[in-house]
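Some notes on the structure that comes next.
Residue indices begin at 1 and follow the sequence shown.
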Amino acid sequence: MKLKNVLIVVSDLERAKAFYRDLFGLSVVLDGDETVILTEGLVLQERGVWEKAVRGRVAERNLGSELYFEEPDLDGFLRRLENYGEPAEFVSRLTEDARGGKMIRFFDPDGNLIEVRSPL
């Protein structure tokens, strides 16, 4: 068995595509009306489609999962994030661990948790 994709729910596909393109450098592999596949296996799906499929409501900001990215220039990424058109809601600001690794955690515009860490 092989994990192929990770799907996150978004309220606005165009806004989400721009967010992940502008800040993370992901590009569109397949663009559907209600579902978009980005590079690195990230799938964006419209909230209404997902909620209909699972017959339930999406719980935003539930802290039950996160998207994890590594970025060698974490300070530069943080500047891009802080200057992005939509303000980030931070879960943890820039922190440094005992080994010198840096990380931040924040929510994307739809409440999906993201961690960005400098490579160890």
Side-chain angles (χ1 to χ4, degrees):
M1 185 178 306
K2 183 177 180 180
L3 176 64
K4 298 294 285 186
N5 298 99
V6 173
L7 181 146
I8 62 172
V9 175
V10 300
S11 59
D12 181 326
L13 280 174
E14 292 306 315
R15 179 180 75 172
K17 285 191 298 188
F19 178 82
Y20 285 98
R21 178 194 62 229
D22 296 347
L23 290 172
F24 298 91
L26 302 183
S27 56
V28 173
V29 174
L30 180 65
D31 198 342
D33 290 335
E34 301 164 327
T35 305
V36 173
I37 300 174
L38 302 176
T39 50
E40 304 299 325
L42 182 60
V43 178
L44 311 173
Q45 188 165 72
E46 292 248 348
R47 176 182 307 276
V49 173
W50 180 253
E51 289 180 342
K52 183 177 179 183
V54 299
R55 297 184 188 133
R57 305 235 349 126
V58 171
E60 292 182 7
R61 293 169 175 76
N62 68 15
L63 304 175
S65 63
E66 74 175 12
L67 299 176
Y68 174 82
F69 295 88
E70 288 186 346
E71 170 58 57
D73 181 13
L74 190 57
D75 293 324
F77 175 81
L78 185 55
R79 283 191 299 276
R80 286 195 318 273
L81 180 61
E82 290 172 337
N83 291 320
Y84 193 69
E86 296 186 52
E89 180 183 338
F90 286 91
V91 173
S92 58
R93 293 258 179 200
L94 186 63
T95 59
E96 190 169 336
D97 62 26
R99 296 176 290 175
K102 296 179 181 180
M103 61 85 64
I104 57 173
R105 281 194 181 105
F106 59 97
F107 291 111
D108 78 359
D110 290 290
N112 298 294
L113 183 61
I114 298 173
E115 177 178 336
V116 181
R117 179 178 289 274
S118 58
L120 298 176

Any residue meeting salt bridge (charged side-chain N to carboxylate O under 4.0 Å, His left out) with Glu60, in chain and number order, not counting sequence neighbours: Arg47
Cluster question for you: counting only ILVMFWY and a side-chain heavy-atom cut-off of under 4.5 Å, with indirect links fine, are [X] and [Y] together?
{"X": "Leu30", "Y": "Leu38", "answer": "no"}
{"X": "Phe107", "Y": "Leu42", "answer": "no"}
{"X": "Val9", "Y": "Val54", "answer": "yes"}
{"X": "Val6", "Y": "Val116", "answer": "yes"}
{"X": "Ile114", "Y": "Leu7", "answer": "no"}

Shortest non-hydrogen contact between Ser65 and Leu113, atoms and distance: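 In this case the closest contact between Ser65 and Leu113 is O-CB, 3.4 Å.
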Going from [atom1] on [X] to [atom2] on [Y], what distance comes out if it is rounded to the nearest 0.5 angstrom?
{"X": "Leu78", "Y": "Arg93", "atom1": "CG", "atom2": "CZ", "result": "7.5 Å"}
{"X": "Asp33", "Y": "Glu46", "atom1": "CG", "atom2": "CD", "result": "9.0 Å"}
{"X": "Thr35", "Y": "Leu13", "atom1": "OG1", "atom2": "CG", "result": "7.0 Å"}
{"X": "Glu34", "Y": "Leu44", "atom1": "CD", "atom2": "CG", "result": "13.5 Å"}
{"X": "Arg79", "Y": "Asp73", "atom1": "CZ", "atom2": "CG", "result": "6.0 Å"}
{"X": "Ile104", "Y": "Leu94", "atom1": "CD1", "atom2": "CG", "result": "7.0 Å"}

Side-chain donor/acceptor of Ser118 to backbone N/O of Lys102, under 3.5 Å: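 Judged by distance alone, yes, a pair lies under 3.5 Å.
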Verdict with supporting geometry, Tyr20 and Val36, side-chain contact (heavy atoms from CB on, under 4.5 Å): CA-CA 12 Å; Tyr20 285 98; Val36 173; over 6 Å; no
Pairwise side-chain contact, Asp108 with Ile8, heavy-atom cut-off 4.5 Å (strictly under):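 Yes, at least one pair of side-chain atoms sits under 4.5 Å.
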Leu81 side chain reached by Phe90 side chain, heavy atoms, under 4.5 Å: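 When only atoms from C-beta onward are counted, Leu81 and Phe90 do touch, with a gap below 4.5 Å.
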Test side-chain contact (heavy atoms from CB on, under 4.5 Å) applied to Phe19 and Leu26, step by step: CA-CA 9 Å; Phe19 178 82; Leu26 302 183; over 6 Å; no
Residue pair Leu67, Glu40: steps toward the side-chain contact (heavy atoms from CB on, under 4.5 Å) verdict: CA-CA 11 Å; Leu67 299 176; Glu40 304 299 325; over 6 Å; no
Inter- and intrachain pairs under ring-ring contact (aromatic ring centres under 6.0 Å, His included), touching residues 40-75, at least two apart: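 Listed by first then second residue: Phe24-Phe69.
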Non-neighbouring partners of Arg15 that pass side chain to side chain donor-acceptor pair (under 3.5 Å), sequence neighbours left out: Ser11, Asp110
Side-chain ion pair, Glu14 and Lys17, N-O less than 4.0 Å: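 Salt bridge flag = yes for Lys17 with Glu14.
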Ion pair Glu51/Arg57, N-O distance below 4.0 Å: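 Answer for the salt bridge query: yes.
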